[in-house]
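Numbering starts at 1 and runs along the sequence shown.
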Amino acid sequence: MLNPATIVLKNGKDHSLRRRHPWVFSGAIARVKGEAFEGDPVRVETIDGELLGVGHFSGGGSIAVRMLDFGENATLPTPEFWQAKLGNAYQLRQRLRLTGAADTDVFRLIHAEGDGLPGLIIDVYGDVAVVQAHSVGMYRARPDIAAALQVVFGNKLRAIYDKSAETVPGNAVPDAQNGYLFGASTGTEHLVTENGHQFAVDWETGQKTGFFIDQRDNRALLARYSPGRKVLNTFCYTGGFSVYALEAGAELVHSVDSSKKAIALTERNAELSNHADRHAAYPDDVLGFLKNHSAQYDLLVLDPPAYAKHMGARHAALMGYKRLNAAGIAHLAPGGLLFTFSCSQVVSPELFEGAVLAAAIEAGRPARILHRLTQPADHPVSLFHPEGAYLKGLVLAVE
């Protein structure tokens, strides 16, 4: 873009950008110089003409610009920009020993604001990268992103799959379709390895990018507590927690999810563990299952989808977490362990802990916090964007 539009901020609305917060809210904008359309790269300036940085413009919603670079030397994205950003993220994952590991070949390469690229998620499954754009700007940049991935990974990638149709704003890109940006489908089952455990991953039709990578460390923790225990894994999706528990020596594992497709994947992954004889899966609503079954478990996982996508839904979400945790606690044997999570970004750790506290009071069960959990290192949180800390969890010992 030769003549990008310039977003001019109101007087005094530049402080957050000087602290490198990556969002410009619509209420902070004084005027727009030139024409800016959804997804366009734009310059952002103070009322006095000082360049604060560049970003992607969003025509609707409260976030008007998602910043890509800051300061007076910021330039609009080029192929070299994308290569530098993705290369920096890849080097971090190398330092985290997530690349080239014999026991793990699945990791998150780009975690939106946490890696300086708001609106972009890239997950790596062995030799395939799955790209998911959450903004029009990132959606339009997919060719440059795919080209940069091939430069950074070299011959280590056989395919790049775009799975943005579900996440890019539909009113701006109504005809978005998923598909391969590079390479093609093999038409065969794709297996990945996480901490030595095998999983079948379906990035083409599965939820998110195909696997919940953000629970890797928490699954490993659960494995420590699983030997000899009866385990219930609710909202199991593809059965990550279930497989870890089975391979760690759980006496039995029950998995519950309302999606029959998710249950099929869970059963397949239990087979891959060679311990399917100790596993049973139930396609059922979790609260309905808890209400209609009386079994007691020694370890119970509550990992629901986000209950609140925006602040207006937060109160209802907290009530939902309370009901769910009270129902779960009722199914724990004395001395049992509860792994409970929230991935609702607008629910703070303190509010979530309060909801779980209310559930324990309602259940009349004393409980102690053993661990406070969060997302793993390949889902980093920018120090300048604390909102990126979305996953929170507790491990409770329940009397």
Electrostatic pair Asp378:Arg108 at N-O distance under 4.0 angstrom: no

Lys/Arg N to Asp/Glu carboxylate O, Asp298 vs Lys230, below 4.0 Å: no

Derivation and outcome, side chain to side chain donor-acceptor pair (under 3.5 Å), residues His15 and Arg18: CA-CA 5 Å; His15 300 303; Arg18 294 188 189 280; 5.4 Å; no

Side-chain donor-acceptor contact under 3.5 Å, Asn88 with Gln91: no

Ring centers of Tyr125, His190 separated by less than 6.0 Å: no

Mutual orientation of the aromatic rings belonging to His385 and Trp23 [parallel < 30°, tilted 30-60°, perpendicular > 60°]: perpendicular

Side-chain donor or acceptor of His56 paired with backbone N/O of Val42 under 3.5 Å: no

Within the 6.0 Å centroid threshold, strictly below: Phe289 and Tyr282: yes

Donor-acceptor pair between Ser255 and His279 side chains, under 3.5 angstrom: yes

Neighbour count above 12 (heavy atom, 6.0 Å) for Lys291 NZ: no

Worked verdict on Leu9 versus Leu17 for side-chain contact (heavy atoms from CB on, under 4.5 Å): CA-CA 10 Å; Leu9 301 185; Leu17 288 195; 4.0 Å; yes

Side chains of Thr193 and Asp105, donor plus acceptor under 3.5 Å: no

Other residues, nucleotides, ligands: >12 heavy atoms within 6.0 Å of Asn155 CG: no

Carboxylate-amine/guanidinium contact Asp162 Arg142, below 4.0 Å: yes

Under 3.5 Å side-chain donor-acceptor pair for Asn178 and Glu166: yes

Side-chain (Gln177) to main-chain (Ala165) donor-acceptor, under 3.5 angstrom: no

Asp40 bridged to Arg140 by N-O distance under 4.0 Å: yes

Evaluation steps, side chain to side chain donor-acceptor pair (under 3.5 Å), between Thr205 and Asp202: CA-CA 6 Å; Thr205 64; Asp202 179 4; 2.3 Å; yes

Ring geometry between Tyr321 and Phe352 (parallel below 30°, tilted from 30 to 60°, perpendicular above 60°): perpendicular

Arg365 side chain vs Leu332 backbone, donor-acceptor pair below 3.5 Å: yes

Charged N-O contact under 4.0 Å between Lys33 and Glu45: yes

Heavy atoms of other groups near Lys85 NZ, more than 12 under 6.0 Å: yes

His134 NE2 to Ser164 OG distance, which is reported to the nearest 0.5 Å: 7.5 Å

Aromatic ring proximity, centroids under 6.0 angstrom, Tyr297 and His254: yes

Main-chain N/O of Tyr237 paired with Asp257 side-chain donor or acceptor, under 3.5 Å: yes

Heavy-atom neighbours of Asp277 CG exceed 12 at 6.0 Å: yes

Glu189, CD: over 12 other non-hydrogen atoms inside 6.0 angstrom: yes

Under-4.0 Å salt bridge between Glu353 and Lys392: no

Basic-acidic side-chain contact under 4.0 Å: Glu204, Lys163: no

Heavy-atom check, side chain of Val347 versus side chain of Leu318, under 4.5 Å: yes

NE2 (His371) with more than 12 external heavy atoms under 6.0 Å: yes

Passing candidate, side chain to side chain contact (heavy atoms under 4.5 Å, CB included) with Leu396, options Ile369, Leu300, Asn325, Leu337: Ile369

N-O pairing of Glu362 and Lys322 below 4.0 Å: yes

